[in-house]
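Read through the structure below, which is laid out as structure tokens, and then see the notes.
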Amino acid sequence: MSGANATVDAILDEWRDALGAAHDPYRNHAQRVFHLARAHAGDERTLAVAAAFHDLGIWSDGTFDYLEPSVGRAADWLSDRGESSRLAAVAALIRFHHKLTPYRGPHAAAVEAFRRADLADVSMGLIPGGLSRRDYRALRRRFPYLGFHRLLVRLTWREFRRRPLRPLPMLRW
């Protein structure tokens, strides 16, 4: 396993208790997003850290409005390791990975690759992430879904029942 792959796993192992039963499905989603984004742009270490933390706030902070909590957890992790210089890029990747329109700010190439990678994975490859269908199937075999999409549906439904006027607070224009 490459160093960046190992980074995703090491970070998520630290959060195993908070993730509970979602650990393996989320870990595989984070790995798929990392690999999809890595194929197109960005520093591998930065992409790996962002991939591990991008949705973590759902579990670490118990919220579906998880972008800023996820950025905060990533900032703490980077600071603890003397890697605060990566924070601006990691924060942009996390904050804008659910942007519905193309991102044009700082770190745009990496953010766009990451945003498209997450969308490709959440859509189960129906929206292309830049890999061929054959390569995406191979990635999916290496990191199977393990019920990740069912988990997303349950979380979305729960949030819709709580806040019917704003069930997807993580979406950005």
Side-chain angles (χ1 to χ4, degrees), residues 1-60 66-67 70-71 73-74 77-78 83 86 89-103 107-157 168 170-172:
M1 189 174 299
S2 79
N5 276 0
T7 298
V8 172
D9 285 347
I11 291 168
L12 294 179
D13 281 347
E14 292 176 28
W15 292 95
R16 185 175 291 277
D17 290 343
L19 285 160
H23 178 273
D24 291 346
Y26 179 64
R27 177 255 183 197
N28 285 3
H29 167 66
Q31 287 286 4
R32 289 188 304 271
V33 169
F34 164 73
H35 284 279
L36 285 163
R38 184 185 71 165
H40 298 288
D43 169 71
E44 283 195 9
R45 176 88 168 163
T46 298
L47 289 171
V49 172
F53 284 100
H54 77 284
D55 296 336
L56 189 66
I58 295 170
W59 297 278
S60 66
Y66 56 83
L67 296 178
S70 296
V71 169
R73 300 295 181 166
W77 190 90
L78 289 166
E83 296 184 58
R86 294 181 189 280
V90 168
L93 291 167
I94 294 170
R95 281 188 181 116
F96 298 106
H97 81 274
H98 287 304
K99 190 169 179 346
L100 300 173
T101 57
Y103 174 79
H107 313 286
V111 170
E112 275 301 291
F114 197 78
R115 185 180 74 81
R116 287 190 310 268
D118 187 69
L119 183 58
D121 193 59
V122 168
S123 73
M124 300 172 82
L126 295 175
I127 298 172
L131 288 183
S132 69
R133 289 194 192 279
R134 188 186 87 228
D135 288 343
Y136 184 75
R137 281 192 303 271
L139 184 60
R140 199 178 67 224
R141 279 192 300 276
R142 184 171 174 197
F143 302 106
Y145 294 140
L146 302 177
F148 178 73
H149 297 86
R150 283 189 305 275
L151 176 63
L152 289 181
V153 170
R154 281 195 312 274
L155 290 168
T156 302
W157 178 244
L168 300 172
M170 79 295 284
L171 295 181
R172 304 286 183 258

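Only this structure's heavy atoms are used, side chains among them; waters, hydrogens and symmetry mates stay out.
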Pairing of D13 and R27 as salt bridge, 4.0 angstrom limit: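 Here D13 does not pair with R27 in a salt bridge, since their nearest N and O are not under 4.0 Å apart.
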Quick one: pull up [atom1] in [X] and [atom2] in [Y] and give me the separation to the nearest 0.5 Å.
X: L126; Y: Y136; atom1: CG; atom2: OH; value: 8.5 Å
X: L47; Y: L36; atom1: CG; atom2: CG; value: 11.0 Å
X: I58; Y: M170; atom1: CD1; atom2: CE; value: 6.5 Å
X: L171; Y: K99; atom1: CG; atom2: NZ; value: 11.5 Å
X: D121; Y: L139; atom1: CG; atom2: CG; value: 7.5 Å

Considering residues, nucleotides and ligands other than R172, do more than 12 of their heavy atoms fall under 6.0 Å from its CZ?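 Yes - once you tally the heavy atoms of other residues, nucleotides and ligands closer than 6.0 Å, there are more than 12.
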Strictly distance-based, threshold 3.5 Å: is any side-chain N or O of [X] a donor or acceptor partner for the main-chain N or O of [Y]?
X: E112; Y: Y103; result: yes
X: R32; Y: F143; result: yes
X: N28; Y: P144; result: yes
X: R116; Y: H40; result: no

So do the side chains of [X] and [Y] get within less than 4.5 Å of each other, counting heavy atoms only?
X: M124; Y: R140; value: no
X: R86; Y: D43; value: yes
X: S70; Y: R95; value: no
X: L67; Y: D55; value: no
X: V90; Y: E83; value: no
X: H107; Y: L93; value: no

Compare every heavy atom of [Y] with every heavy atom of [X], then report the nearest pair and how far apart it is.
X: T46; Y: A89; result: CG2-CB, 3.7 Å
X: D135; Y: L131; result: CB-CB, 4.1 Å
X: A37; Y: A117; result: N-CB, 3.6 Å
X: I94; Y: A50; result: CG1-O, 4.1 Å
X: W15; Y: S60; result: CZ3-CB, 3.5 Å
X: A41; Y: A113; result: CB-CB, 3.8 Å

Can [X] and [Y] be counted as having a side-chain donor-acceptor contact under 3.5 angstrom?
X: Y66; Y: H98; result: yes
X: H29; Y: H54; result: yes
X: D17; Y: H23; result: no

Which class fits the ring pair W59 and Y26: parallel under 30°, tilted 30 to 60°, perpendicular over 60°?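 Rings of W59 and Y26: tilted, 30 to 60°.
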